[in-house]
**Student:** 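Handing you a structure now.
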Amino acid sequence: QVHLVESGGGLVQAGGSLRLSCTASGSIFSINAMRWYRQGPGKQRELVAGITSAGSTNYADSVKERFTISRDNAKNTVYLQMNSLKPEDTAVYYCYAEASTRATMWRFDDYWGQGTQVTVSS
């Protein structure tokens, strides 16, 4: 099993910054993609940013030039640096990992964190 734990959420004023972290633990064999999703009040969950094991990244149009995703493969950790935050960025942010365990080897499954709240006040 793989466990994802997010941290770094909180309350910030518009224009401010936050850095989210997500660390994977457990019987990890390999991790492919890691992503950040978010779900705002009354909205569907949406992809914010993703990063491959090789470091290729992609972003939602709404966060380009403001958010940066990165990862430390040695620490099984993904980060999301969020700058110039807007009230519309308010959401629960979820970490996702496509990972395999020592038991499953090259069979990859989807794993999710429990979410961390980000609130941006105007």
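In what follows, residues are counted from 1 in the order of the sequence shown. Keep in mind it's a predicted model, so treat the numbers as computed, not measured.
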**Student:** Say whether Thr90 and Thr119, considering side chains only, have a donor N or O and an acceptor N or O under 3.5 Å apart.
**Tutor:** no

**Student:** Tell me, please, which residues at least two apart from Arg45 pass salt bridge (charged side-chain N to carboxylate O under 4.0 Å, His left out).
**Tutor:** none

**Student:** Which residue pairs pass the ring pair (Phe, Tyr, Trp, His ring centres under 6.0 Å) test when at least one of the two sits in residues 37-78, sequence neighbours left out?
**Tutor:** Tyr37-Trp112

**Student:** Should Ile69 and Val92 be counted in the same cluster of Ile, Leu, Val, Met, Phe, Trp and Tyr side chains packed under 4.5 Å apart?
**Tutor:**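 No; tracing contacts between hydrophobic side chains, which count when under 4.5 Å, never links both residues.
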
**Student:** Do Gln13 and Val120 have side chains that get closer than 4.5 Å, going by heavy atoms?
**Tutor:** no

**Student:** Please say yes or no: joined through hydrophobic side-chain contacts below 4.5 Å, possibly via intermediate residues, are Ile28 and Met105 part of one cluster?
**Tutor:** no

**Student:** For a 4.5 angstrom cut-off between non-hydrogen side-chain atoms, does Gln1 reach His3?
**Tutor:** yes

**Student:** Any salt bridge (charged side-chain N to carboxylate O under 4.0 Å, His left out) involving residues 79-102? Give me the pairs, sequence neighbours left out, ordered by first then second residue.
**Tutor:**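 The answer is Arg38-Asp89, Arg66-Asp89.
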
**Student:** Rounded to the nearest 0.5 Å, what separation is found between the OH atom of Tyr94 and the CG atom of Leu4?
**Tutor:**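 Those atoms lie 13.0 Å apart.
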
**Student:** Hey, what do you get for CD1 (Ile51) to OG (Ser56), rounding to the nearest 0.5 Å?
**Tutor:**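 Between Ile51 CD1 and Ser56 OG, I get 8.0 Å after rounding to 0.5 Å.
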
**Student:** Determine whether Met82 and Tyr93 make a side-chain contact, defined as any pair of heavy atoms from C-beta on separated by less than 4.5 Å.
**Tutor:** yes

**Student:** Taking atom types as modelled and ignoring hydrogens, do the side chains of Ser53 and Asn32 form a donor-acceptor contact shorter than 3.5 angstrom?
**Tutor:** no

**Student:** I want to check something: taking the side chain as every heavy atom from C-beta on, are Gln81 and Ser17 in contact at a cut-off of under 4.5 Å?
**Tutor:**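 Yes, at least one pair of side-chain atoms sits under 4.5 Å.
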
**Student:** Does Asn73 have any side chain to side chain donor-acceptor pair (under 3.5 Å) partners at least two apart in sequence or in another chain, and if so, which?
**Tutor:**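 Expected list: Arg71.
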
**Student:** Do Thr23 and Val5 touch side chain to side chain, with heavy atoms closer than 4.5 Å?
**Tutor:** no

**Student:** Look at the side chain of Ser30 and the backbone N and O of Ser100, then say whether any donor-acceptor pair between them is shorter than 3.5 Å.
**Tutor:**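 No, the answer is negative, given that no donor and acceptor are paired below the 3.5 Å cut-off.
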
**Student:** Can you pull out every disulfide (SG to SG under 2.5 Å) where at least one residue sits in residues 83-122? Sequence neighbours excluded, please.
**Tutor:**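 Those involving residues 83-122 are Cys22-Cys95.
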
**Student:** Mind jotting down which residue pairs meet the ring pair (Phe, Tyr, Trp, His ring centres under 6.0 Å) criterion with at least one end in residues 10-31? Sequence neighbours excluded, please.
**Tutor:** Phe29-Trp106

**Student:** Residues two or more places apart in sequence or in another chain: which of them pass salt bridge (charged side-chain N to carboxylate O under 4.0 Å, His left out) with Asp61?
**Tutor:** Lys64

**Student:** On a heavy-atom basis, which atom in Ala97 and which in Ile31 lie closest, and how many Å separate them?
**Tutor:**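 For Ala97 versus Ile31, the nearest heavy atoms are CB-CG2, 4.3 Å.
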
**Student:** Quick one, Val118 and Leu20 - any side-chain contact, counting heavy atoms below 4.5 Å?
**Tutor:** yes

**Student:** Restricting to side chain to side chain donor-acceptor pair (under 3.5 Å), what partner residues turn up for Thr101, sequence neighbours left out?
**Tutor:** Thr104

**Student:** Quick one: CG on Asn83 to CG on Leu18, what's the gap to the nearest 0.5 Å?
**Tutor:** 9.5 Å

**Student:** Listed by chain and number, what are the side chain to side chain donor-acceptor pair (under 3.5 Å) partners of Thr116, not counting sequence neighbours?
**Tutor:**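 Thr116 satisfies side chain to side chain donor-acceptor pair (under 3.5 Å) with no residue once adjacent residues are dropped.
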
**Student:** So which heavy atom on Asn76 is nearest to which on Met34, and how close?
**Tutor:**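 In terms of heavy atoms, the two residues are closest at O-CE, 4.2 Å.
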
**Student:** Can you list everything that forms a salt bridge (charged side-chain N to carboxylate O under 4.0 Å, His left out) with Asp109? Sequence neighbours excluded, please.
**Tutor:** Arg107

**Student:** Does the pair Tyr79 and Asp72 meet the rule for a side-chain contact (heavy atoms from CB on, under 4.5 Å), with working shown?
**Tutor:** CA-CA 8 Å; Tyr79 306 96; Asp72 184 333; 4.2 Å; yes

**Student:** So how far is it from Arg35 CZ to Thr52 OG1, rounded to the nearest 0.5 Å?
**Tutor:** 10.0 Å

**Student:** List for me each residue that meets salt bridge (charged side-chain N to carboxylate O under 4.0 Å, His left out) alongside Lys75, sequence neighbours excluded, and say none if there are none.
**Tutor:** none

**Student:** Just how far is it from atom CG of Leu47 to atom OH of Tyr96, taken to the nearest 0.5 Å?
**Tutor:** 10.5 Å

**Student:** Output every pair passing salt bridge (charged side-chain N to carboxylate O under 4.0 Å, His left out) with a member in residues 6-34, not counting sequence neighbours, ordered by first then second residue.
**Tutor:** none

